[in-house]
Undergrad: 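Sending over a structure as structure tokens; questions will come in a sec.
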Amino acid sequence: MPAFTIKAPADFDLPRDACSYGYFLLAPNHWDPASSTLWRVMATGGGRAALLAVRQRGPGAPLRVTTGATLRPQDRARVEAGLVRMLRLDESAERIAAFHAADPRFKASGRGRLFRSPSLHEDIVKTVTSCNVTWPSTVTMNERLCEVFGVRCAVGESWAAHAFPEAARLAKASPAALRARCRVGYRDTRLVELSKLMCTSARHGGIDGAWLEDPGTPDQAVFDRLIELPGIGPYAAANIMQLLGRYGRLPLDTESVRHGRAVLGMKGTAASIMKRVHRHFAPFGEHAFRSYWFELWEWYESRHGAASTWERSKVARLFTAAALNKSGASHG
DNA sequence: GGTAGACCTGGACGC
DNA sequence: GCGTCCAGGTCTACC
């Protein structure tokens with residue numbers, strides 16, 4: 001099998017850092033607990049896609065990327081850039097250390113990197129498919145978006161045959177097709193509009209990915225721009241911001257309320273608990289989201305084992321509201 | 001500025 | 001197996 005390696009930061013640990021956010025469970029990502037391998041079909045341009053298998057011998061070791069076929073240099077560059085973004089391989093040790101200084105609870109485990117997608121477009125679509133819906137439906141929507149609109153890989157398993165659809169492809173899709181074939185419901189038009197905006201230049205009102213990704217752009221300006229977009233409200237905007245590496249805002253949802261009640265011992269209405277959760281994590285400042293998220297994530301792992309051991313076929317059932325409430329009630 | 005109701009899907013539950 | 005209820009964040013209309 002053709003393969004190449006990518007240098008990893010000294011503290012990088014693939015099972016911990018890939019399985020650090022729920023998107024590692026969403027198509028076209030596939031984590032294999034038995035072999036600690038991250039599988040993914042990634043579009044390489046020109047209507048082609050490659051099946052990737054990413055492994056690491058141990059923390060700090062280079063990542064070995066096996067591909068189904070030999071990649072052209074430009075395709076390999078695109079794949080490598082996508083993996084760097086997904087796994088946040090370019091996040092500096094200084095920034096991770098600053099987080100650990102702000103919240104020493106996670107220094108020993110080394111947590112700091114949060115899994116994301118190879119593109120901002122995929123992160124935005126995944127965020128929209130997670131709004132106003134339970135987790136199993138989010139899983140289904142992403143699987144079907146890949147199956148219906150993603151480039152098919154020449155070499156692939158049944159669970160990893162298609163890449164995530166590129167913005168240009170979804171921009172041309174009909175909302176009715178998204179609704180009927182991908183079960184996205186009323187999100188149909190919003191997803192098409194968002195994809196069109198991704199393909200439109202900033203000068204003509206499109207989404208300026210480079211400006212949003214630029215650390216020099218103020219957080220408030222990013223939030224103000226995101227919340228203008230169709231289908232993006234306060235929760236989604238804050239979630240996209242953490243995916244952009246801006247951790248000062250908390251994307252609070254009903255799961256945050258459950259966490260506030262079950263783990264932090266808060267009482268009262270959902271609205272009052274949301275305000276208190278905000279206040280609770282405010283002292284962590286620009287690191288607030290990571291403190292919140294890793295606290296939540298470690299609570300999940302205390303119930304179900306390390307995320308890197310979760311079986312894809314079983315995990316969707318663990319994250320239904322009913323299951324989480326039962327778990328919180330019995331343990332919290 | 002704050003609030004109520006619609007939006008759509010799928011899981012849970014009762015019969 | 002079928003019907004009903006409910007969870008979930010955003011958007012719009014209305015006060």
Side-chain angles (χ1 to χ4, degrees), chain A residues 21-23 25-27 121-149 170 173-198 205 207 220 222-244 249-262 268-278 289 292-293 296 300 304 311-330 332:
Chain A
Y21 191 66
Y23 289 4
L25 296 163
L26 296 179
H121 173 253
E122 184 177 334
D123 274 339
I124 290 175
V125 171
K126 281 186 157 60
T127 297
V128 171
T129 61
S130 71
C131 286
N132 196 29
V133 74
T134 52
W135 180 251
S137 296
T138 302
V139 171
T140 301
M141 283 185 232
N142 279 275
E143 281 175 356
R144 296 194 184 183
L145 282 168
C146 293
E147 285 172 19
V148 176
F149 296 106
L170 283 188
S174 82
L178 261 90
R179 180 178 295 225
R181 302 182 67 190
C182 306
R183 315 300 294 167
V184 302
Y186 64 86
R187 299 164 196 81
D188 54 358
T189 305
R190 296 172 190 177
L191 289 172
V192 172
E193 289 302 314
L194 282 166
S195 300
K196 284 179 180 171
L197 288 168
M198 283 302 302
I207 296 172
Q220 187 62 47
V222 170
F223 184 82
D224 290 346
R225 175 62 182 128
L226 291 173
I227 209 157
E228 289 174 353
L229 301 174
I232 307 297
Y235 165 81
N239 195 56
I240 293 166
M241 287 184 73
Q242 69 86 3
L243 293 162
L244 287 165
R249 287 174 187 265
L250 298 184
L252 296 187
D253 56 7
T254 51
E255 180 55 9
S256 318
V257 175
R258 187 205 54 74
H259 185 73
R261 288 198 174 113
T269 64
S272 71
I273 288 176
M274 284 224 193
K275 286 180 186 168
R276 290 172 64 193
V277 171
H278 265 299
F289 177 76
Y292 159 75
W293 183 257
L296 193 69
Y300 293 153
H304 305 297
E311 291 286 346
R312 181 188 174 94
S313 58
K314 296 175 189 165
V315 78
R317 292 178 186 281
L318 300 177
F319 293 93
T320 60
L324 286 167
N325 282 329
K326 191 189 292 182
S327 182
S330 60

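To find a chain, count down the sequence lines: A is the first, B the second, and so on, and within it residues start at 1.
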Undergrad: With side chain to side chain contact (heavy atoms under 4.5 Å, CB included) as the criterion, how do A:Leu25 and A:Val139 come out once you've worked through the C-alpha distance, each side chain's angles and the decisive distance to 0.1 Å?
TA: CA-CA 8 Å; A:Leu25 296 163; A:Val139 171; 5.8 Å; no

Undergrad: Atom CE of A:Met274 to atom P of B:dG2: distance rounded to whole Å?
TA: 16 Å

Undergrad: Kindly write out the residues that satisfy side-chain contact (heavy atoms from CB on, under 4.5 Å) with A:Ala177, not counting sequence neighbours, or none if the list is empty.
TA: A:Phe149, A:Ser174

Undergrad: Report the distance from atom CD1 of A:Ile232 to atom P of C:dG8, rounded to the nearest whole Å.
TA: 19 Å

Undergrad: So, using side-chain contact (heavy atoms from CB on, under 4.5 Å) as the criterion, who are the partners of A:Asn132 when residues are at least two apart?
TA: A:Tyr186, A:Arg187

Undergrad: At what angle, to 10 degrees, do the two end axes of the helix from B:dG1-C:dC15 to B:dC15-C:dG1 meet, given five pairs define each axis?
TA: 40°

Undergrad: Would you mind reading off the distance between A:Glu143 atom CD and B:dT9 atom P, rounded to a whole angstrom?
TA: 17 Å

Undergrad: Could you state the OH-P distance from A:Tyr235 to C:dC11, rounded to the nearest angstrom?
TA: 14 Å

Undergrad: Just so I know, are the side chains of A:Ser130 and A:Leu26 near enough to count as touching, which here means a heavy-atom distance under 4.5 Å?
TA: no

Undergrad: With no hydrogens and no angle check, just 3.5 Å: does a side-chain donor-acceptor pair link A:Tyr23 and A:Thr127?
TA: yes

Undergrad: Please check the phosphate of B:dT9 (OP1 and OP2 only) for any side-chain N or O of A:Ser137 closer than 4.0 Å.
TA: no

Undergrad: Between the side chains of A:Arg225 and A:Glu228, is the shortest nitrogen-to-carboxylate-oxygen separation below 4.0 Å, so that they form an ion pair?
TA: yes

Undergrad: Grab the N/O contacts between the protein and nucleotides 12-15 of chain C below 3.5 Å, and write none if there aren't any.
TA:
none

Undergrad: Does A:Gln242 offer a backbone N or O that forms a donor-acceptor pair with the side chain of A:Asn239 under 3.5 Å?
TA: no

Undergrad: For A:Arg181, what residues pass the side-chain contact (heavy atoms from CB on, under 4.5 Å) criterion, not counting sequence neighbours?
TA: A:Val148

Undergrad: Hey, is A:Glu255 close enough to A:Arg258 for a salt bridge, meaning N to O under 4.0 Å?
TA: yes

Undergrad: Which part of the nucleic acid, if any, lies within contact of A:Ile227, taking any heavy atom under 4.0 Å across all strands shown: a base, the sugar-phosphate backbone alone, or nothing?
TA: nothing

Undergrad: To the nearest angstrom, how far is A:Trp135 atom CH2 from C:dG8 atom P?
TA: 15 Å

Undergrad: When the nearest nucleotide of DNA chain C is assigned to A:Pro230 and to A:Val133 on a heavy-atom basis, which residue is associated with the more 5' position?
TA: A:Val133

Undergrad: Counting side-chain heavy atoms from CB outward, which of C:dT10, B:dG10, B:dC7 is closest to A:Cys131?
TA: C:dT10

Undergrad: With a 4.0 Å heavy-atom cut-off, tell me which residues in residues 178-193 of chain A come close to DNA chain B, sorted by residue number.
TA: A:Arg179, A:Arg183, A:Gly185, A:Tyr186

Undergrad: Between atom CG in A:Leu145 and atom P in B:dT9, what is the gap in whole Å?
TA: 13 Å

Undergrad: Which one of A:Val184, A:Leu170, A:Leu178 satisfies the side chain to side chain contact (heavy atoms under 4.5 Å, CB included) criterion with A:Val192?
TA: A:Leu178

Undergrad: Rounded to the nearest angstrom, tell me the gap between atom CD1 in A:Ile124 and atom P in C:dT10.
TA: 14 Å

Undergrad: Spell out, as yes or no, whether a donor-acceptor pair under 3.5 Å connects the side chain of A:Thr129 to the backbone of A:Thr138.
TA: no

